[in-house]
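One structure, pasted below without further comment.
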Number of protein chains: 2
Amino acid sequence: MSDLTAALEVVGARWALLIVEQLLEGPQRYGDLQRALGTPTNMLATRLRELEAAGVLVRLPLRHNTRAYALTDRGLALREAIDALGRWGAEQREGDSGR
Amino acid sequence: MSDLTAALEVVGARWALLIVEQLLEGPQRYGDLQRALGTPTNMLATRLRELEAAGVLVRLPLRHNTRAYALTDRGLALREAIDALGRWGAEQREGDSGR
DNA sequence: GTCCATACTTGCAAAAAACAAGTGTATTGT
DNA sequence: ACAATACACTTGTTTTTTGCAAGTATGGAC
């Protein structure tokens, strides 16, 4: 199993990288993520559970029954990969006319 | 739609990035990819069609009924992102004992 | 106590992926 | 000429994942 396979097992599922990208802007609550990304609520709940289990993020209890999701060091370390993919995606769109 | 979303629309599907990673080592034939990655054959065919349509790779006819798949410039430009994800995946595995 | 917000869960349908088997074309061996 | 083999796929069918809609649990605010 390659290093890339190992990475994709954790963040290869749909929505996973988008959730991490959103959290790179700072800790956010469930509803914030949902509104920002448009993720179906059951998928968001599932992904957050998996990413927490993988040590990418943690739940921080706020007041009442609310909590914030925040990236761990491991999660923050995805910034480089996310930026690289984002740059590629941007280049992609520049030359769209040709396709 | 963010740049990351644009990128994931092209290479976010299962197997897509693994196929590109494999082709970073040079043009290869269908059977080579299948053996190297263990991809189900119908999925491999589907992904190759999609990646070709997206301009990530091209089919090069060899002799007879064989062809090689080779990355375009756009495909080669994924190297940075793949390397970054691979490095993250490798770090991930170093600290596995804790989970 | 009623209303609202937040953070989910549950049930079901649709889409995607995996598995298994088969097809068409050319090549090699006899 | 004919059988056996290689290559690049396609075609069903089952299983898994995703999406949609609705409902539940908890904690204030009024």
Side-chain angles (χ1 to χ4, degrees), chain A residues 1-2 4-23 25-54 56-72 75, chain B residues 1-2 4-23 25-54 56-72 75:
Chain A
M1 196 229 262
S2 71
L4 181 59
T5 306
L8 292 177
E9 281 196 357
V10 178
V11 293
R14 198 169 292 180
W15 298 109
L17 268 188
L18 292 168
I19 291 167
V20 174
E21 183 192 33
Q22 188 65 28
L23 290 177
E25 295 181 13
Q28 293 176 57
R29 289 173 307 164
Y30 188 95
D32 298 332
L33 290 168
Q34 190 168 254
R35 278 182 291 276
L37 300 174
T39 317
T41 179
N42 53 349
M43 283 295 99
L44 182 55
T46 301
R47 287 291 105 83
L48 288 172
R49 228 181 291 125
E50 293 166 351
L51 291 171
E52 187 187 17
V56 172
L57 53 80
V58 290
R59 270 162 224 249
L60 304 176
L62 301 182
R63 36 207 90 230
H64 325 318
N65 58 342
T66 71
R67 30 200 157 291
Y69 292 91
L71 295 178
T72 61
Chain B
M1 195 228 260
S2 71
L4 181 58
T5 305
L8 291 178
E9 283 197 353
V10 178
V11 293
R14 200 169 293 178
W15 299 107
L17 268 188
L18 292 169
I19 290 167
V20 175
E21 184 193 32
Q22 187 64 29
L23 289 178
E25 296 181 13
Q28 293 177 56
R29 288 172 307 163
Y30 188 94
D32 298 333
L33 289 168
Q34 188 167 250
R35 277 183 291 277
L37 300 174
T39 318
T41 181
N42 53 350
M43 282 298 100
L44 182 55
T46 301
R47 286 293 103 82
L48 288 172
R49 229 181 290 127
E50 293 167 351
L51 291 171
E52 187 186 16
V56 171
L57 53 81
V58 291
R59 270 162 222 246
L60 304 176
L62 301 182
R63 35 208 85 228
H64 325 320
N65 58 340
T66 71
R67 30 200 157 290
Y69 292 90
L71 296 178
T72 60

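Reminder, nothing fancy here: chain letters follow the sequence lines and each chain counts from 1.
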From the list D/dA8, D/dT18, D/dT26, which nucleotide is the closest neighbour of the side chain of B/Tyr30? D/dA8

For A/Glu50 and D/dT16, what is the distance between atoms CD and C1' respectively, to the nearest whole Å? 13 Å

Side-chain contact test, heavy atoms from C-beta onward, threshold under 4.5 Å: evaluate it for A/Leu37 versus A/Ile19 and give yes or no. yes

Shortest side-chain distance from A/Arg29, nucleotide among D/dC9, C/dA7, C/dT27: C/dA7

Rounded to whole Å, the CZ-C1' distance (A/Arg35 to C/dC8) equals 14 Å

When the nearest nucleotide of DNA chain D is assigned to A/Thr39 and to A/His64 on a heavy-atom basis, which residue is associated with the more 5' position? A/Thr39

With sugar-phosphate meaning primed atoms plus P, OP1 and OP2, does A/Thr66 contact a base, only sugar-phosphate, or nothing at under 4.0 Å between heavy atoms? sugar-phosphate

Classify B/Arg49 by what it touches in the nucleic acid, base, sugar-phosphate, or nothing, heavy-atom distance under 4.0 Å. sugar-phosphate

Salt bridge flag under 4.0 Å for residues B/Arg49 and B/Glu52: no

Name the nucleic acid region contacted by A/Arg63, choosing base, sugar-phosphate or nothing; use a 4.0 angstrom heavy-atom cut-off, strictly under. nothing

Can you tell me how far apart OH (A/Tyr30) and CZ (A/Arg59) are? Round to the nearest 0.5 Å. 9.5 Å

Spacing of A/Arg14 atom CZ relative to D/dT17 atom C1', expressed in whole Å: 8 Å

Rounded to whole Å, please give me the gap between CZ in B/Arg67 and C1' in C/dG24. 11 Å

B/Asn65 side chain, from C-beta outward: closest of D/dG19, D/dT18, C/dG24: C/dG24

Hey, does the side chain of A/Arg47 reach the backbone of A/Ala45 with a donor-acceptor pair shorter than 3.5 angstrom? no

What is the distance from CZ of B/Arg47 to C1' of C/dA18, rounded to the nearest Å? 12 Å

C/dT6 phosphate, OP1 or OP2: any side-chain N/O from A/Tyr69 under 4.0 angstrom? no

Just how far, in rounded Å, is P of C/dA16 from CH2 of B/Trp15? 18 Å

Rounding to an integer number of Å, can you tell me how far A/Leu62 CG sits from D/dG28 P? 13 Å

Check every atom of C/dT25, D/dG19, D/dA21 against the side chain of A/Thr41 and return the nucleotide holding the closest atom. D/dA21

Using atom CG of A/Asn42 as one end and atom P of C/dA7 as the other, report the distance to the nearest whole Å. 16 Å

Taking the side chain from B/Gln28 and the backbone from B/Gln22, do they hold a donor-acceptor pair closer than 3.5 Å? yes

